[in-house]
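First comes the structure, then the notes that go with it.
Sequence positions, counted from 1, serve as the residue numbers for this chain.
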Amino acid sequence: YELDDAYGLGRQFDGIGAVSGGGATSRLLVNYQEPYRSQILDYLFKPNFGASLHILKVEIGGDGQSTDGTEPSHMHYENDENYFRGYEWWLMKEAKKRNPKIKLIGLPWTFPAWIGKGENWPYDYPDVTAYYIVSWILGAKHYHDLDIDYVGIWNERAFNSKYIKLLRYTLDKHGLQQVRIIASDRLWEPISFVLLLDSELHGVVDAIGAHYPGTKTVPNALLTKKKLWSSEDYSTFNDEVGAGCWARILNQNYVNGNMTSTIAWNLVASYYEELPFGRCGLMTAQEPWSGHYKVEAPIWITAHTTQFTQPGWSYLQVDGHLEGGGSFVALTDGLGNLTIIIETMTYNHSQCIRPPLPHFTVMPQRATFYLKGSFYMVKTLQVWHSRLDFESGSSNLFQQLHPVKVWKGSFSLDLNVDEVYTLTTLKTGQKCGYPEPPPPQPFPSNYKDDFNIRNPPFSEAPNFADQTGVFEYFINASDPGDHVFTLRQVVVQRPITWASDADQTVSLIGNFKWVNMTVTCDIYIEKQRDGGVFVAGRVDNGGIYVRRTKGVFFWVFSDGTYRVTGDLAGEEILMKGLSGVRDNAWHTLTLNIQGASASGLLNGYPLWENVTVSQPSNGWAAIGTRSFEFAQFDNFHVE
């Protein structure tokens, strides 16, 4: 295999990254205690430490369900602006703190309802949508000193050419010429075809981003001469097979598909594991209550590329397919440095979640490389090696081996299967680490939150995972004293959705394996006539499946009635009657589930009992509302 720069270089490399969001994937990360939280961030972002990511892509929260939860918008309502909600601002700042050169991308999955003026569509008023997105970019700069590098259109949904042109115009009008546009975060088509037809659109789109391309591109995409990115990929359980998937696509997205950036969904699995796509992050940090986290194999696979390349380097023009199966890429900074990354992942050990992988074979082989052009003078190469072990489970990950001597411009390597090699002129690589974090622990079996915090570091209470609606800390200035600090549901119109949000709002908390429990919460219905709230236990679903959530739900309504249902939709009624609850007053709900029986108390007095509950047999605790309506919660307690 010849490596030569004498006849020019290949495409410019744009970096390896990961997504936080789409949705709420970093939810549990923020309430880790130090030093563990900073250690996790170091493994992800610190240069020459762990994953050393080049790119961080975040969701521009839109108050809607975007896979594993909702992320709050900076503008819940038309007259509302707040650039301190959620955790993506914090995450981008932590990434920049560690690597000032990291590239930042923003992309919306959902939008607040007012953007569509009643329609579930963001393009009817493109000037409104452009104003909303540009506000987020300006807020990032103004309040957090963050420069957003790229902005997307609408994740995995239709794009609109008029809107994209208007977005460019609006960016430029606000002095944001340096912000680049990526489209359309879906498939290669129809965006590539439209770019070839519409020269004005061609002039404003800087990169074509495709999702889960299976390492392949299409002729039209190549004809556009645009940067081609796999702007979302991976999404695979982060065991050794997930690491094999990641190793294979990091190389083959370029080798087969000319893609110069690959971005993993998701950055870190910091959401309850039983939600959809549990543990599909580069590492796992889903236990803030214990401090336990796990640096999974994909982190060290990432390091093989990220620690020895930078955005702005160039790929060499090589075929990249190894004769015995597997692939290699070679990159240079144009200043004499050379990095070669080789992977020999086998079919069974490198399947990603999507798309289906055509069969192929890989066998042990000897590979000889000939360095030509300006690389002929290279005398030694540093060697970093990983071998994924699927039998004993004791993989060798990112180990530094003895340097390879280059003799008269050539060297040979004996490659086994399921290996990754990095050969490089750079001497800066490091496999860093921290002492083992604390051992795993289940969620506390007795958990209280009174929400009494004057200046909360985040807008949401720890461990509550909103699945429809947004639950935020709230200060009740008019309250006489018992309920000044509360948690309030603040989404009052159904957002422009990406997934199938429920018609009710709901936030989950606790341990999915819980069976018997008592959930107590003070509640305050704000909506007159048809308002309502619930507390629930054994809640079995969330994320994109939130509409089909079952459990035991204890509802009270502002008309003075109550219900017990077996589902979030409220269709399976187990008991109903009068409660005397009214709106704009505080009441205490207690739900007790023991074995096959449930009972409920109102303000400490039995309201209903001996209701038979069968399915589901276990699940989270939850709070929520009957519709998209204001309501408040206080003194939450689950045991």
Side-chain angles (χ1 to χ4, degrees), residues 272 274-275 289 442-452 460-469 471 483 486-489 502 504-525 532-542 546 549-557 562-570 572 574-576 579 581 586-626 631-639:
Y272 292 113
E274 297 84 2
L275 287 169
W289 48 87
F443 191 94
S445 55
N446 190 344
Y447 184 83
K448 287 188 171 87
D449 195 339
D450 61 12
F451 312 118
N452 290 358
E460 301 160 290
N463 303 317
F464 280 93
D466 305 348
Q467 301 302 315
T468 296
F471 294 72
H483 299 288
T486 67
L487 195 67
R488 189 186 198 206
Q489 200 295 117
Q504 305 74 22
T505 73
V506 56
S507 189
L508 309 172
I509 190 167
N511 184 340
F512 183 77
K513 298 181 178 69
W514 281 343
V515 176
N516 298 327
M517 63 183 93
T518 301
V519 185
T520 300
C521 196
D522 299 344
I523 61 93
Y524 185 94
I525 302 170
V533 304
F534 69 80
V535 301
R538 291 190 190 169
V539 176
D540 73 342
N541 237 320
V546 65
T549 300
K550 305 264 187 277
V552 182
F553 293 81
F554 173 15
W555 309 77
V556 291
F557 303 108
Y562 78 88
R563 279 190 180 183
V564 185
T565 68
D567 59 342
L568 175 63
E572 187 195 329
L574 306 175
M575 178 75 112
K576 61 181 187 177
S579 69
V581 164
W586 283 98
H587 304 275
T588 304
L589 301 186
T590 303
L591 170 65
N592 189 3
I593 313 173
Q594 295 292 328
S597 178
S599 59
L601 291 84
L602 174 64
N603 300 328
Y605 295 96
L607 181 64
W608 51 273
E609 51 197 7
N610 298 329
V611 168
T612 302
V613 292
S614 50
Q615 290 295 330
S617 55
N618 56 280
W620 293 287
I623 56 175
T625 65
R626 175 191 217 166
Q632 291 177 59
F633 302 85
D634 203 358
N635 299 314
F636 176 86
H637 181 198
V638 57
E639 195 169 356

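Without hydrogens or angle criteria, Asn511 side chain to Pro444 main chain gives no donor-acceptor distance under 3.5 Å. Side chain of Thr486 to backbone of Gln632: no donor-acceptor contact under 3.5 angstrom is found. Formation of a donor-acceptor pair under 3.5 Å by the Thr565 side chain with backbone atoms of Glu572 is not found in this model. No donor-acceptor distance shorter than 3.5 angstrom exists from the side chain of Asn592 to the backbone of Thr518, with no hydrogens or angles considered. Checked by atom type and distance alone, the side chain of Arg538 never pairs as donor or acceptor with a backbone atom of Gln615 at under 3.5 Å. Asp540 places a side-chain N or O within 3.5 Å of a backbone atom of Lys550 that can act as its donor or acceptor partner. Distance alone, capped at 3.5 Å, places no donor-acceptor pair between the Ser597 side chain and the Gln594 backbone.
Residues Val539 and Phe553 are in side-chain contact: their nearest non-hydrogen atoms beyond the backbone lie under 4.5 Å apart. Here the side chains of Leu589 and Val556 are in contact, with some heavy-atom distance below 4.5 Å.
For His483, the ring-ring contact (aromatic ring centres under 6.0 Å, His included) partners at least two apart in sequence or on another chain are Trp586.
Shown are Tyr562, Trp555, Phe557; of these, the ring pair (Phe, Tyr, Trp, His ring centres under 6.0 Å) with Phe534 is made only by Trp555. A ring pair (Phe, Tyr, Trp, His ring centres under 6.0 Å) with Trp514 is found for one member of Tyr272, Tyr447, Phe443 and no other, namely Phe443.
Interatomic distance, CE of Met575 versus OG1 of Thr612, reported as 9.5 Å (0.5 Å rounding).
The ring of Phe471 has its center no closer than 6.0 angstrom to the ring center of Phe464.
Between the side chains of His637 and Asn446, a donor-acceptor pair is found at a separation under 3.5 Å.
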